[in-house]
Amino acid sequence: MWPVILFSLYSLGISSACDFTPSCPQETGIVCRVTKPAALVLNEKTTEVIQAAFRHASFPNITGEKSVGFLGQVTYGLTNIQVSNLSIENSEVELKEDEAIEIIIKNVSASFKGTLNYGYGTWFVNVEQLIDFEIFSSIDLHVNNKLICGNNRIAADTSDCYLTFHKLILHLHGDKEPGWFKQLFTDLISFTLKLVLKSQICKEINHAANILAAFIQEQAEDFLSYGDIGMNIDITSFPIIKENYMESYHKGHLVYKNLSVYYNTSIFSPSHLTDNRMVYFWFSEPVLDNLVLAYFLEQHLALSLTAAELQDILQEDNTESNQEILQQIFQERPANHNAAKVWSLTAPRIKITPQGTVVTSSVAVHINTSSSADLYFEVETVTVVRASYADKKLMLHPSDPL
């Protein structure tokens, strides 16, 4: 989870035995901070995770026996247990500092259906029956989700998970047994059933939460990758939980073809981020520099412009000299003709400032004209880039430095 997500994370052999050395925090190139308001928003999806956990939980057959007075030895078995009519009233989440993400799910109503076979007898009578049953229950679920490390990624430990039963009513379909008999079986199976439900539901919550977290981290890694360019986002220390936010620390090492670029001079401090917004990502300058270097080496920092695109750009500055250039370029040229190419001569340099990310680069421009002499020039550019996020889209806004 974040709540039950990052939220929680993946139980395919989770282990907290990650090998962090004293120097590992110095390798931190990326930091992710999720604040409490974001946790509250994510909590709206928590009920969906819990419902999925209930529906996908597999319940083993339950068997038992007990000597009961005049009935003699009573044996019973519950088989083919399935969940139906599931509903959740509400859920709450709290950040317990330096401990866990506390998730409380209240009034989970569910029916458990299956088959009951039972038998009882003495020396003079023996009875065996097979009958469908339905158990109506009302449950509160309490999970303390600890963020740990598994396979060098964020993982979750939801072992501190327990269920409180407010109602557990057994209904035997088509039975002709007296009420005391039904109560007898309710008493016999309720304790064992509660243990089985707790074990399987909590296990499925852990499993579902960890699969979701693994997916989130894989998506983050894919977002930072392109072709042969990759990014190692293994964590450099255990995630932390504070009263107002959760925070994780990642390497951000460039992985490019057979080259791995490491980083061990992290300057991150918690004071670099606040908790005024829902989510923060902190990138170190070397991480961004290395990523841009790989894009430069892959020749991705180049742009071809058609005549129509170049015309739109030049007409924004409607000077007399631009009009002359336009006449030379576009005379008898179709609009989709490749009229210009712009590319970086060197790898751009990154500097992060309060005003934005400053990108400095040497750029070449080649413009095809209708005459025999094309236009070519080189220029040093300085651009301030600000990022924004809206409607699930990351947007970059370039501008001239002040």
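Quantities reported herein were computed from a predicted structural model and do not represent experimental measurements.
- Here E94 pairs with K36 under the salt bridge (charged side-chain N to carboxylate O under 4.0 Å, His left out) rule; sequence neighbours left out.
- Residues S269 and S271 bring a donor and an acceptor atom of their side chains to less than 3.5 Å of each other.
- Donor-acceptor pairing under 3.5 Å is lacking for the side chains of Q26 and S266.
- Partners of F20 under the ring-ring contact (aromatic ring centres under 6.0 Å, His included) rule, at least two apart in sequence or in another chain, are F238.
- From I350, atom CD1 reaches atom CZ of F283 across 12.0 Å, with rounding to the nearest 0.5 Å.
- Within 6.0 Å of the CZ atom in F215, the count of heavy atoms belonging to other residues, nucleotides or ligands does not exceed 12.
- Residues satisfying the salt bridge (charged side-chain N to carboxylate O under 4.0 Å, His left out) test with K167, not counting sequence neighbours, are none.
- Under a 3.5 Å cut-off, the side chain of T28 and the backbone N or O of P25 do form a donor-acceptor pair.
- The stretch residues 263-279 participates, sequence neighbours left out, in no salt bridge (Lys or Arg N to Asp or Glu O under 4.0 Å) pair at all.
- Qualifying ring-ring contact (aromatic ring centres under 6.0 Å, His included) partners for H142, counting only residues two or more places apart in sequence or in other chains: Y162.
- Under the salt bridge (Lys or Arg N to Asp or Glu O under 4.0 Å) criterion, the residue pairs touching residues 47-56 are K45-E48, with sequence neighbours excluded.
- Donor-acceptor pairing under 3.5 Å is recorded for the side chains of T274 and Y280.
- Proximity of a side-chain donor or acceptor of N290 to a complementary backbone N or O of P286 within less than 3.5 Å is detected.
- At least one donor-acceptor pair under 3.5 Å links the side chain of E285 to the backbone N or O of I352.
- Sorted by first then second residue, the salt bridge (Lys or Arg N to Asp or Glu O under 4.0 Å) pairs that include residues 289-299, not counting sequence neighbours, are K257-E298.
- Shown here is K351, whose NZ atom has no more than 12 heavy atoms of other residues, nucleotides or ligands within 6.0 Å.
- Residues meeting the disulfide (SG to SG under 2.5 Å) test with C161, sequence neighbours left out: C202.
- Under the ring-ring contact (aromatic ring centres under 6.0 Å, His included) criterion, no residue pair touches residues 381-402, with sequence neighbours excluded.
- Residues forming a ring-ring contact (aromatic ring centres under 6.0 Å, His included) with F112 (at least two apart in sequence, or on another chain): F59.
- Atom CD of E243 has 12 or fewer neighbouring heavy atoms from other residues, nucleotides or ligands inside a 6.0 Å radius.
- Note on ring orientation: taking the six-membered ring where Trp is involved, the planes of Y226 and Y295 are parallel (angle under 30°, cut-offs 30° and 60°).
- Taking the salt bridge (charged side-chain N to carboxylate O under 4.0 Å, His left out) definition, one finds that D98 meets it with K242, sequence neighbours left out.
- Remark: the backbone N or O of S91 is paired with a side-chain donor or acceptor of N43 at under 3.5 angstrom.
- Applying the salt bridge (Lys or Arg N to Asp or Glu O under 4.0 Å) test to every pair with at least one member in residues 210-223, sequence neighbours left out, gives these pairs: R153-E221.
- In this structure, the side chain of D391 does not engage the main chain of K393 through any donor-acceptor pair within 3.5 Å.
- No more than 12 heavy atoms of other residues, nucleotides or ligands shown are found within 6.0 angstrom of NE2 on H56.
- Other residues, nucleotides and ligands contribute only 12 or fewer heavy atoms inside 6.0 Å of the NZ atom of K106.
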